[in-house]
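Everything below concerns the one structure shown next.
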2 protein chains.
Amino acid sequence: MSEATRSPRLDLRGAARDAVRDQVAESALRLFDEHGFDATTVDDVARAVGISPRSFFRYFTSKEDAVVGDPMPYGRLVTDDLAARPADEQPWDSLRAALQRLVDDAENDRGMLTMRVVMSSPSLRARHLEKHLAWGQMFEPEVLKRIGGLAATRRLRAHALIHAAFACLDAAFGEWVALERARTLSELLDDAFQALR
Amino acid sequence: MSEATRSPRLDLRGAARDAVRDQVAESALRLFDEHGFDATTVDDVARAVGISPRSFFRYFTSKEDAVVGDPMPYGRLVTDDLAARPADEQPWDSLRAALQRLVDDAENDRGMLTMRVVMSSPSLRARHLEKHLAWGQMFEPEVLKRIGGLAATRRLRAHALIHAAFACLDAAFGEWVALERARTLSELLDDAFQALR
DNA sequence: GCCGCTTGTGGCAGTGGCTGCCACAACAGG
DNA sequence: CCTGTTGTGGCAGCCACTGCCACAAGCGGC
């Protein structure tokens with residue numbers, strides 16, 4: 001049967017799968033926060049949620065994946081927001097606006113917990129940073145549209161702008177966690193972006 | 001015997017050890033470049049240089065470490081350069097100047113090979129990015145000295161500046177490798193820093 | 001109701017990175 | 001020649017992760 005003619009039931013299945021995934025991820029997050037990421041094995045997580053270790057790796061591509069998640073869905077959202085910005089806007093402003101999507105979604109207890117766990121382990125931080133690489137590639141075409149100047153250096157400048165934006169994002173996240181939400185993520189991100197004008 | 005009274009011979013030993021380390025790293029780099037990082041096992045590298053796999057991990061803390069190296073030595077050099085910049089210089093200019101140390105050291109065949117291998121594997125890219133985190137912590141005190149404005153946001157802005165500088169560095173490296181050295185790293189880095197003024 | 005198909009799951013064995021431990025070899029100083 | 005220190009190899013074991021296979025669950029057609 002072809003992809004197009006499949007019954008909508010498959011969406012239900014997908015939804016069920018996503019629900020399980022979320023639940024496993026949340027249990028994992030709690031365990032990692034409580035006992036440490038390295039000290040908690042995949043077997044521990046699997047046992048806690050009542051699935052086999054083998055099945056854990058059917059839901060997540062890696063142990064880290066249960067915390068940092070797939071970069072693509074958010075990447076698409078933010079890229080769409082970026083594409084929807086006015087064509088004559090300064091790229092730096094477009095980037096700030098587009099990242100608001102991530103800010104809105106992270107500014108809650110779950111986001112705080114996730115960031116705290118991410119920052120607690122080098123391998124998680126590394127995966128987190130890798131997400132920026134994936135997003136950066138998705139953003140590039142949109143940012144290039146808004147960049148003028150010498151053609152020979154456009155790609156370089158787009159790259160620098162994009163990853164500087166991520167640097168601001170991480171600085172804001174870091175401060176947000178360190179201050180324990182004394183200020184809003186949105187404000188902190190504004191400050192960080194402002195510092196690089 | 002106490003640390004202080006040890007004979008200088010130990011430096012010789014350290015030097016010998018460093019020499020072996022370099023040689024193993026170079027062989028590893030060649031193998032990784034030729035057959036791929038993931039497809040090359042530590043056993044392969046060990047066999048190629050005539051040491052046991054167990055000994056490989058006495059020279060390097062991880063397989064990736066043979067490529068990306070210890071962040072501390074370079075971190076110290078650059079931090080020292082940063083500290084030596086004039087106190088009234090703009091932090092962005094100080095950072096650009098301090099990174100020249102890395103540029104000078106990378107701008108050769110070995111550096112090109114290393115960057116190519118690093119960019120070829122996600123796990124290597126991740127470790128490479130982790131190095132920035134370590135360096136960032138070392139730079140922070142020096143950058144803070146050069147940052148004014150509201151005290152409440154100084155750390156945030158310092159963090160954003162520092163990691164934006166690394167974003168520029170990586171953008172320059174990426175372009176340098178992509179262009180196959182058609183332009184110098186130093187020029188590319190200038191362009192990237194310029195794009196963020 | 002039965003059958004057959006697809007899809008999700010568990011178990012098992014195996015690979016590869018990495019570590020602790022122990023025995024042994026190399027080499028220095030006495 | 002002996003002795004303490006240091007580097008090395010081998011072995012066993014942990015853990016993340018994968019391929020394979022057998023099996024169970026749900027769904028469609030009949």
Value in whole Å for how far the C1' atom of dT8(D) lies from CZ of Arg47(B): 18 Å

For atom CZ of Arg17(B) and atom P of dT6(D), their distance in whole Å: 13 Å

Apply side chain to side chain donor-acceptor pair (under 3.5 Å) to [X] and list each qualifying residue two or more places apart in sequence or on a separate chain.
{"X": "Asp18(A)", "result": "none"}
{"X": "Ser121(A)", "result": "Ser123(A)"}
{"X": "Arg58(A)", "result": "none"}
{"X": "Asp22(B)", "result": "none"}

Between CZ on residue Arg21(A) and CZ on residue Phe56(A), distance to nearest 0.5 Å: 9.5 Å

Counting only side-chain N and O atoms of Ser52(B), is one of them less than 4.0 Å from OP1 or OP2 of dG10(D)? no

Closer than 4.0 Å, any side-chain N/O of Tyr59(B) to the OP1 or OP2 of dG7(D)? no

Check: residues 23-30 of chain A side-chain donor-acceptor pairs under 3.5 Å, at least two apart:
unit_1, atom_1, unit_2, atom_2, d
Glu26(A), OE1, Arg110(A), NH1, 3.2
Ser27(A), OG, Gln23(A), O, 3.3

Quick one: ring-ring contact (aromatic ring centres under 6.0 Å, His included) pairs with a partner in residues 66-88 of chain A, sequence neighbours left out? none

Contact letters for nucleotides 22-27 of chain C, in which S counts primed atoms plus P, OP1 and OP2 and B counts the base, heavy atoms under 4.0 Å: ------

Footprint string (nucleotides 12-18 of chain D, 5' to 3'): B base within contact, S backbone only, - free, heavy atoms under 4.0 Å: ---SSBB

Output the rest of the hydrophobic cluster of Leu144(A): all Ile, Leu, Val, Met, Phe, Trp and Tyr residues reachable through side-chain heavy-atom contacts under 4.5 Å, sorted by chain and number. none

